[in-house]
K.L.:
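Pasting a structure here, questions to come.
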Amino acid sequence: METNSNKNPVSFFLASFIFLLYFLPQFCHAVDRITPGQTIRDGDTLVSRAEIFELGFFNPENSTFIFVGIWYRIDVKAVVWVANRDRPISGRSGVLRIGVDGNLVVLDGNNNLVWSSNVSGLSNNTTAVLWDTGNFVLSSNESVDDTHWQSFDNPTDTFLPGMRVPVNSAIGEYPAFHAWKSASDPSPGNYSMGVDPHGGPQIVIWDHGRRRWRSGQWNGVIFTGVPNMSSIASFLYGFKLSQLDENRTQYFTYYPPNPSNLLRFRIGWEGREQQLMWDDGEKKWKVLQQQPDLANQCELYNHCGNYATCDNLNSPKCNCLKGFRPKLQDQWNRGNWSGGCERRTELQCQRTNGAAGENGKPDGFKGLKCTKLPDLANLTLSAGNSEACRTSCLGNCSCRAYAFISGIGCMTWTVDLIDLHFDQSGSLQFFLRLHHSELDGRRKISILVIIIITVLGACFLVVSLWLLWRYRNKLKGLPAVSSMPCCKDDDVAVFDVSKSKEFSADLSGPSDILIDGNQINGPELPMFSFSCVATATENFCVANKLGQGGFGDVFKGELPGGQEIAVKRLSGHSGQGLEEFKNEIILIAKLQHRNLVRLLGCSIQGEEKMLIYEYMPNKSLDNFLFDEAKQAQLDWRTRLSIIEGIARGLLYLHRDSRLRIIHRDLKTSNILLDAEMNPKISDFGMARIFGGNQNEANTVRVVGTYGYMSPEYAMEGLFSVKSDVYSFGVLLLEIVSGRRNTSVRSSQHTSLIGYAWHLWSEDKAMDLVDPSIQDSCFPTEVLKCIHIGMLCVQDNAMHRPTMAAVVLMLESETPTLPMPRQPTYTSMRSSIDAEFTMDGQEIVSSNDVTVTM
Ligand SMILES: *[C@@H]1O[C@H](CO)[C@@H](O)[C@H](O)[C@H]1NC(C)=O
Ligand SMILES: *[C@@H]1O[C@H](CO)[C@@H](O)[C@H](O)[C@H]1NC(C)=O
Ligand SMILES: *[C@@H]1O[C@H](CO)[C@@H](O)[C@H](O)[C@H]1NC(C)=O
Ligand SMILES: *[C@@H]1O[C@H](CO)[C@@H](O)[C@H](O)[C@H]1NC(C)=O
Ligand SMILES: *[C@@H]1O[C@H](CO)[C@@H](O)[C@H](O)[C@H]1NC(C)=O
Ligand SMILES: *[C@@H]1O[C@H](CO)[C@@H](O)[C@H](O)[C@H]1NC(C)=O
Ligand SMILES: *[C@@H]1O[C@H](CO)[C@@H](O)[C@H](O)[C@H]1NC(C)=O
Ligand SMILES: *[C@@H]1O[C@H](CO)[C@@H](O)[C@H](O)[C@H]1NC(C)=O
Ligand SMILES: *[C@@H]1O[C@H](CO)[C@@H](O)[C@H](O)[C@H]1NC(C)=O
Ligand SMILES: *[C@@H]1O[C@H](CO)[C@@H](O)[C@H](O)[C@H]1NC(C)=O
Ligand SMILES: *[C@@H]1O[C@H](CO)[C@@H](O)[C@H](O)[C@H]1NC(C)=O
């Protein structure tokens with residue numbers, strides 16, 4: 001080489017130039033690894049490949065000590081890991097290297113060992129790499145997974161995306177994270193944070209090993225006691241609990257919904273969990289949420305003691321639950337709450353030593369609402385529904401309370417109720433065992449009196465109204481409602497709403513409808529007499545039954561004029577008074593759209609309430625879609641026009657109609673088809689009638705059908721127009737595939753949604769298409785539909801498009817569609833391990849049954 005270059009300087013120059021060109025970028029690039037023989041001195045740093053994290057020596061603000069740590073390589077230095085947190089280096093001469101035994105070591109200026117990764121039995125040829133996740137990994141061969149040590153397994157105070165926190169009842173409470181002592185001292189302080197796996201895993205913050213705060217039990221989607229987690233917040237769907245592995249361990253992980261965000265959780269030195277996100281615009285870390293709120297002592301663990309409620313705005317702040325009294329009255333009066341409360345009346349089962357008391361009624365339960373369930377629950381896996389849970393609790397005298405929570409199962413408390421977060425507006429309900437004498441015995445009588453008076457009053461009112469109505473009809477020369485025969489010509493005028501062109505004028509004209517008031521100036525609602533409807537349906541003859549919906553049976557009928565009708569006989573209580581009910585029907589009768597089933601009138605007689613609709617000869621969509629013989633009748637053109645029709649009908653309900661109706665129970669059996677196979681949405685407005693008063697604290701009803709219910713609705717009862725969009729997405733996938741959402745159950749996929757995502761993400765979406773239309777369809781249209789379907793069934797409501805956007809996408813030839821996120825939630829089963837899931841009747845119900853909780 002040397003002789004060669006001497007002979008030919010040009011080629012030497014060229015060779016050197018090529019050498020430099022080739023290797024220079026590597027020299028310029030920061031290094032992300034350390035190998036045997038290399039040394040990182042104070043001032044040098046390792047930088048991860050995408051330059052997100054940096055590792056090196058640092059000294060905290062206001063401190064003279066030096067530590068080795070990892071921080072974000074952005075403007076504001078945020079340290080996420082510290083090696084030698086309790087043995088600082090005092091000068092600037094420390095080094096980090098790989099020791100002779102293959103371990104990572106930190107040495108001070110005098111070559112004293114300050115910190116070691118301390119793994120035994122390593123080969124001497126190991127490499128440590130700083131990854132873009134913030135993980136610092138020591139291994140002997142990167143290309144095979146032989147990690148010897150990693151910083152993610154030895155965290156300090158920060159939980160980074162990708163880290164795993166083990167949950168294992170054999171391990172027990174696991175404080176994975178330890179806070180700094182102060183802002184300038186990384187040595188372990190008073191506080192730690194981790195998981196408690198017992199009775200529904202939860203996050204706990206400890207103070208010197210004593211509980212300071214807890215997150216409330218994990219229900220498969222959220223931590224039930226974190227206030228802002230129950231709203232649809234951006235961090236909601238990032239947490240996952242993995243399945244049990246062979247060592248019976250599960251892991252909590254967190255991945256931000258948007259991977260490009262820099263997000264971290266940490267336990268602050270002041271004892272607070274914080275979630276922080278880097279705001280690149282403002283160049284600072286934004287606090288997304290922090291727990292507990294230090295200004296509200298009620299959030300601290302068991303602040304008021306056992307069986308006591310806490311309210312920061314009240315004076316005194318702490319109060320005993322009804323049926324309980326302070327254990328130490330004088331301490332309590334002095335504001336020392338630590339003693340808590342005790343029962344005023346011993347439980348019956350305690351008096352009789354567990355034997356069923358002959359000399360008294362058994363104990364009862366009182367339902368209480370809370371924002372966080374009491375601590376130290378036991379899961380009773382054998383009880384699969386609320387009733388079984390109650391029975392199992394009643395059968396054991398040491399059971400003090402029970403709760404049946406969707407996604408967790410039957411919880412019982414055999415210890416005193418600790419850390420209550422009692423709140424009538426809370427969404428979690430538990431049942432407290434009380435002696436029967438404490439169960440509002442006297443109040444029951446007065447309530448009974450009130451009920452009787454109310455009923456009598458209502459009866460009187462109804463009778464007078466009826467008399468008045470009769471009298472008025474007589475004046476008009478019309479027969480009274482109840483005796484009105486169906487077929488008379490003069491009745492048709494009363495029944496025939498369809499002739500009223502003014503209806504649509506009404507809808508666009510200035511408001512003459514006061515939704516809450518009584519002023520409804522529209523045309524009279526056609527009232528059918530009960531006898532008329534009975535005649536038309538041949539006394540609700542079984543042969544005339546068209547089907548059964550969530551709200552009652554549907555019968556076919558024929559009016560004497562020959563007009564065919566469908567009669568829905570509403571079952572159960574609507575939770576509304578008669579007048580409200582009528583007003584509601586009148587409003588809903590005014591909604592007119594070619595993709596909504598038309599309401600012709602109603603019939604109310606006593607408890608019997610019926611709605612009369614136009615009759616749809618082709619019945620409902622599921623009749624065709626899931627029937628192998630009839631599937632082929634729905635060719636692709638028809639299916640597409642059905643999809644578009646449903647979308648337009650929904651858009652009308654959501655946006656264009658006066659009432660802004662959320663359907664809440666959209667499914668194939670609620671899509672009816674007319675003679676030309678035009679889709680018509682039925683049962684709209686039912687949620688309005690049956691949904692009850694949303695302000696009413698006691699009746700939060702969830703109406704809907706599993707398989708079509710969006711995650712936030714099924715889990716938390718939160719609904720919005722986006723819950724309908726979710727159901728629409730399921731419907732769309734069902735129409736394209738000709739399969740029920742719940743029919744796809746295999747080891748890999750729990751639902752059609754999962755299956756569709758699987759195919760779609762592997763570019764095999766055409767395999768989803770119903771075989772009977774595979775030849776006749778246009779792939780571009782089908783793929784567009786599946787894409788829209790995937791957008792609609794995303795977990796996070798914010799990511800789903802509105803119906804207006806869906807209609808636009810459907811109508812444009814080549815829309816640019818956003819990329820959907822993977823749907824991970826299936827309403828049939830939460831992601832929690834099977835052991836924690838209750839397979840009771842309440843969660844698993846067949847596709848066609850509408851569930852009301
Ligand atoms: C450092 O000290 C200054 C002055 O005492 C103070 O304002 C600042 O908050 C301190 N910083 C930290 C991180 O403690
Ligand atoms: C290394 O681990 C051993 C036991 O596993 C322990 O006795 C020793 O103190 C540890 N050394 C350091 C420097 O942490
Ligand atoms: C590793 O150990 C072997 C013998 O045990 C030795 O020959 C070799 O030089 C060592 N390598 C390094 C990088 O220390
Ligand atoms: C150490 O490992 C690296 C790759 O990881 C390899 O290139 C090198 O030859 C190894 N050295 C010894 C002494 O085994
Ligand atoms: C690392 O593992 C790969 C795959 O097993 C192997 O081919 C390679 O030789 C290993 N390298 C070292 C240095 O052991
Ligand atoms: C930690 O606890 C000690 C005593 O237990 C207390 O003096 C100190 O203020 C606490 N530190 C913090 C940051 O709360
Ligand atoms: C289970 O534990 C054994 C022994 O500790 C370990 O070797 C194995 O890797 C563990 N399995 C998993 C999946 O972590
Ligand atoms: C929770 O949300 C409410 C309003 O949605 C907000 O005012 C409050 O600051 C939030 N709390 C935390 C700890 O983020
Ligand atoms: C509060 O009451 C407990 C007994 O429940 C007692 O041990 C404690 O000393 C009291 N604290 C104060 C400050 O009085
Ligand atoms: C119930 O839970 C408590 C607190 O977690 C625990 O100590 C107890 O052993 C559990 N009892 C049963 C029967 O699992
Ligand atoms: C009642 O529950 C306790 C604690 O869970 C348990 O130890 C006891 O055996 C149970 N008693 C009966 C009769 O089931």
Side-chain angles (χ1 to χ4, degrees), residues 54 56-72 74-82 84-86 88-90 156-158 175 177-194 204-214 264-274 276 278 283-287 290-310 315-321 324-344 375 415-420:
E54 189 166 12
F57 292 80
F58 73 99
N59 77 314
E61 206 181 322
N62 298 349
S63 163
T64 52
F65 291 124
I66 309 287
F67 299 87
V68 173
I70 299 175
W71 57 87
Y72 283 95
I74 43 179
D75 308 8
V76 179
K77 187 183 257 186
V79 177
V80 297
W81 182 76
V82 183
N84 53 326
R85 59 187 305 188
D86 38 15
I89 305 168
S90 45
T156 51
D157 68 338
T158 303
F177 307 96
H178 294 269
W180 288 23
K181 189 165 262 169
S182 71
S184 51
D185 181 1
S187 63
N190 297 345
Y191 304 107
S192 56
M193 177 168 75
V204 177
I205 295 176
W206 291 272
D207 175 1
H208 288 104
R210 282 191 312 272
R211 290 185 183 217
R212 168 179 168 81
W213 179 85
R214 65 197 179 89
R264 64 191 166 113
F265 295 83
R266 65 174 206 139
I267 169 77
W269 61 270
E270 65 300 70
R272 216 168 18 176
E273 172 272 334
Q274 288 186 316
L276 301 135
W278 177 249
K283 297 281 172 222
K284 66 171 203 200
W285 288 94
K286 251 186 5 202
V287 178
Q290 48 188 352
Q291 314 288 345
D293 178 0
L294 296 183
N296 182 358
Q297 293 194 308
C298 285
E299 289 193 9
L300 296 180
Y301 189 76
N302 210 25
H303 185 66
C304 286
N306 306 348
Y307 296 111
T309 68
C310 189
S315 177
K317 190 160 56 172
C318 297
N319 281 297
C320 290
L321 284 179
F324 292 80
R325 59 168 175 231
K327 204 165 187 172
L328 304 164
Q329 187 71 53
D330 49 337
Q331 292 285 359
W332 187 268
N333 292 346
R334 256 180 265 154
N336 177 3
W337 319 112
S338 61
C341 306
E342 62 180 6
R343 277 180 202 284
R344 272 200 313 233
D375 201 10
V415 291
D416 287 334
L417 297 191
I418 298 175
D419 194 26
L420 274 182

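Please read all numbers here as calculations on a predicted model, not as lab measurements. Whatever order the structure lists ligands and atoms in, that order sets their numbers, starting from 1. For the single chain, residues carry numbers from 1 onward in sequence order.
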K.L.:
Once side-chain contact (heavy atoms from CB on, under 4.5 Å) is applied, do any residues pair with Trp269, and if so which ones, sequence neighbours excluded?
P.N.:
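For Trp269, the residues satisfying side-chain contact (heavy atoms from CB on, under 4.5 Å) (neighbours in sequence not counted) are Trp180, Ala183.
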K.L.:
I need the contact residues for ligand 6: any residue with a non-hydrogen atom closer than 4.0 Å to the ligand, ordered by chain then number.
P.N.:
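These residues qualify: Asn190, Tyr191, His208, Trp269.
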K.L.:
For ligand 9, which atoms have a heavy atom of Leu328 less than 4.0 angstrom away?
P.N.:
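Taking each heavy atom of Leu328 in turn, ligand 9 has 4 (C), 5 (O) under 4.0 Å.
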K.L.:
Less than 3.5 Å apart, any donor N or O on the side chain of Asp375 or Tyr301 sitting next to an acceptor on the other?
P.N.:
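Short answer, yes.
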K.L.:
Should the pair Arg264 and Trp285 be classed as cation-pi, given the thresholds of under 6.0 Å to the six-membered ring centre and 45° from the axis?
P.N.:
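That pair qualifies as a cation-pi contact.
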K.L.:
Using the disulfide bond (SG atoms under 2.5 Å apart) definition, which of the options Cys310, Cys298, Cys318 pairs with Cys304?
P.N.:
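Among Cys310, Cys298, Cys318, the one meeting disulfide bond (SG atoms under 2.5 Å apart) with Cys304 is Cys318.
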K.L.:
Angle class for the Phe67/Phe58 ring planes (parallel below 30°, perpendicular above 60°, tilted otherwise)?
P.N.:
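Judged by the thresholds at 30° and 60°, the geometry between Phe67 and Phe58 is tilted.
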K.L.:
Within ligand 9, which atoms have a heavy atom of Ser338 less than 4.0 Å away?
P.N.:
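So the atoms of ligand 9 that pass are 1 (C), 2 (O), 3 (C), 5 (O).
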K.L.:
Has ligand 1 got any nitrogen or oxygen that is less than 3.5 angstrom from a nitrogen or oxygen of Glu61?
P.N.:
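Indeed, backbone or side chain, Glu61 has an N or O that close.
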K.L.:
Identify the two heavy atoms, one from Arg85 and one from His178, that lie closest to each other, and give their separation to 0.1 Å.
P.N.:
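Scanning both residues completely, I find the closest heavy atoms to be NH2-O, 3.0 Å.
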K.L.:
Are Arg266 and Glu273 ion-paired here, with the side-chain N under 4.0 Å from a carboxylate O?
P.N.:
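No, Arg266 and Glu273 are not salt-bridged.
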